[in-house]
Amino acid sequence: MSRILIVEDEAIIRSALKRLLERHDHRVSEAGSVAEALSLEPQGFDLVISDLRLPGEPGTYLIARAAPVPVLIMTSYASMRSAVEALKLGAVDYVAKPFDHDELLETVARVLHQQAMQHGEPPDISEPDGTRQSMIGNCPNMQVVYTRIRKAAPADVTVLVQGESGTGKELVARALHQQSRRAKAPLICVNCAAIPETLIESELFGHEKGAFTGASAARTGLVEAADGGTLFLDEIGELPLDAQARLLRVLQEGEIRKIGSVETRHVDVRLIAATHRDLQGLSRTGEFRLDLYYRLNVMQIDLPPLREREDDILQIADVLLEKACRRHEREGLRLSRAALRTIRDYPWPGNVRELENALERGVILAEGHLIHPDDLGLASGPRPLAEPAIEGSVLPAAMEPKASDGEDLSLEDYFQHFVLEHQDQMSETELAQKLGISRKSLWERRQRLGIPRKKSPRRTTG
């Protein structure tokens with residue numbers, strides 16, 4: 001919760017502004033003059049909002065006295081001259097009275113976000129291309145996340161990150177790695193849902209030459225590649241049971257054995273796992289090993305969905321929009337007030353990833369200098385799937401639509417029917433091949449349509 005000092009000599013305006021900011025969870029103090037504001041020690045606030053014309057000293061006098069706290073200037077004289085002079089003196093921005101509520105709130109949110117970024121409150125993260133970014137947001141839920149990251153990172157314990165798809169679980173993993181003692185060692189990221197079941201053990205633990213058909217050369221697994229560093233297993237709930245048993249041995253004994261080998265090798269790996277599924281619930285149905293769950297859940301970090309981060313949504317949108325504008329060389333684009341309201345009110349079932357895609361769509365489609373709600377392509381409520389459930393224009397014979405009682409069923413209905421009917425007899429790879437899609441696409445569609453995955457014990461290959 002941010003602390004804001006309002007400096008305004010007109011009591012009616014001061015009270016209205018205070019009520020507006022308090023409705024948006026800011027803590028507000030008031031002053032009627034510069035002298036009164038100085039008695040409240042403005043350097044103890046996160047932001048000062050001051051009228052330009054005040055009895056005694058002008059509002060710009062606070063810019064130097066409140067530094068490094070930013071000062072936002074209000075002026076009834078909406079001339080470029082007064083605004084430019086305030087900015088030259090170091091004001092962070094200005095708003096003209098009578099001010100629009102949405103515009104003022106947007107400006108306050110942007111200034112507070114920039115201030116938080118400068119103070120480095122959210123953890124910095126190095127991207128694979130060498131650039132750095134910060135985790136975005138200062139809502140209470142995210143403050144808990146930052147605290148957990150700060151405490152867990154140097155402890156070198158296994159961490160389980162839980163959250164819906166698109167909430168930024170990999171960003172948490174990167175922050176944990178970069179604040180740990182292993183920061184200079186490799187961070188290996190693996191999406192367990194994106195690797196075919198028949199290859200997952202070979203990818204993770206490696207194999208010897210001739211261990212199975214197609215193994216023309218020995219291969220080092222990703223666990224061994226992370227030796228001395230951190231291994232991040234995303235969507236660990238999709239890991240087959242055989243691979244779970246091997247991973248458990250890594251955690252218990254610090255040992256791996258390649259497929260086709262009789263020798264074991266010691267590894268020193270810190271594991272960070274992430275999932276959107278209830279692993280404890282999966283263990284009751286035999287789909288996930290309970291002993292592995294207990295090994296993983298030493299420290300748990302729960303990422304809140306975007307719909308529970310109302311105070312952060314516009315801050316996140318601001319940063320993502322700037323990135324999209326740079327990427328498409330359309331600097332200067334802004335969100336209209338209606339678009340800001342749409343973003344604030346939308347439930348975001350796809351979380352930050354969906355927000356990023358919507359903003360990129362808006363940057364591409366915008367005609368002028370403003371992005372409007374239609375450019376974002378968002379419905380008023382949770383969106384149904386916009387794309388066909390099956391990639392490609394030709395469906396397998398087993399998936400061709402069949403009329404039933406005169407009803408027209410969607411492709412999603414047929415996808416669900418086919419998967420539920422055949423998943424007991426087919427592996428995930430076979431299902432994906434029959435449907436003409438990748439295994440990752442199959443997993444994504446299962447997730448979107450809420451189709452649980454049934455697993456059957458597999459023969460041990462190593």
Find the distance between CZ (Arg181) and OG1 (Thr230) and round it off to the nearest 0.5 Å.
-> 11.0 Å
Out of curiosity, Gln280 CD to Tyr294 OH, how far, rounded to the nearest 0.5 Å?
-> 5.5 Å
Give a yes or no answer on whether the side chain of His177 reaches the backbone of Ala185 with a donor-acceptor pair at less than 3.5 Å.
-> yes
How about Glu329: does its CD atom have over 12 heavy atoms from other parts shown lying under 6.0 Å from it?
-> no
Mind checking the CG-SG spacing from Asp311 to Cys139? Nearest 0.5 Å is all I need.
-> 7.0 Å
Could you verify whether a donor N or O on one side chain and an acceptor N or O on the other, from His276 and Glu235, lie under 3.5 Å apart?
-> yes
Could you tell me whether Arg327 and Glu360 make a salt bridge, using a distance below 4.0 angstrom between a side-chain N and a carboxylate O?
-> yes
Note, Leu171 side chain near Lys169 side chain (heavy atom, < 4.5 Å) = no
Pairing of Arg277 and Glu238 as salt bridge, 4.0 angstrom limit = yes
Heavy-atom pair of closest approach, residues Arg3 and Ser29 | NH2-OG, 4.3 Å
Please name the pair of heavy atoms, one in Ala366 and one in Asp375, separated by the smallest distance, quoted to 0.1 Å.
-> CA-OD2, 3.8 Å
OG (Ser202) and CD1 (Ile259) are apart, to the nearest 0.5 Å, by 5.0 Å
Charged N to carboxylate O below 4.0 Å: is that the case for Glu255 and Arg265?
-> no
Is a salt bridge present between Asp227 and Arg182, judged by a nitrogen-to-oxygen distance below 4.0 Å?
-> no
What pairs meet the salt bridge (Lys or Arg N to Asp or Glu O under 4.0 Å) rule with one or both residues in residues 296-310, with sequence neighbours excluded?
-> Glu164-Arg307, Arg309-Asp312
Cut-off 3.5 Å, side chains only: do Arg270 and Thr158 have a donor facing an acceptor?
-> no
Note: Leu231 and Leu222 closest approach over all heavy atoms is CD1-O, 4.2 Å
Do you see a donor-acceptor pair shorter than 3.5 Å between the side chains of Ser261 and Glu263?
-> no
CG-CG distance between Leu279 and Leu160, expressed to the nearest 0.5 angstrom | 6.0 Å
Of the non-hydrogen atoms in Ser165 and Asn351, which two are nearest, and what is the gap between them?
-> O-ND2, 3.0 Å
Least distance between heavy atoms, Leu47 atom then Pro70 atom = CD1-O, 3.5 Å
To the nearest 0.5 Å, tell me how far Ser283 OG sits from Phe288 CZ.
-> 8.5 Å
Which is it for Glu331 and Arg326 under the salt bridge (Lys or Arg N to Asp or Glu O under 4.0 Å) test, yes or no, and what are the steps along the way?
-> CA-CA 6 Å; Glu331 283 80 359; Arg326 285 200 305 267; over 6 Å; no
Crowded around Arg330 CZ? As in, over 12 foreign heavy atoms under 6.0 Å?
-> yes
Using a strict cut-off of less than 4.0 Å between a Lys/Arg side-chain nitrogen and an Asp/Glu carboxylate oxygen, indicate whether Arg219 and Glu203 qualify as a salt bridge.
-> yes
pair Val190-Ile195: side-chain heavy atoms closer than 4.5 Å = yes
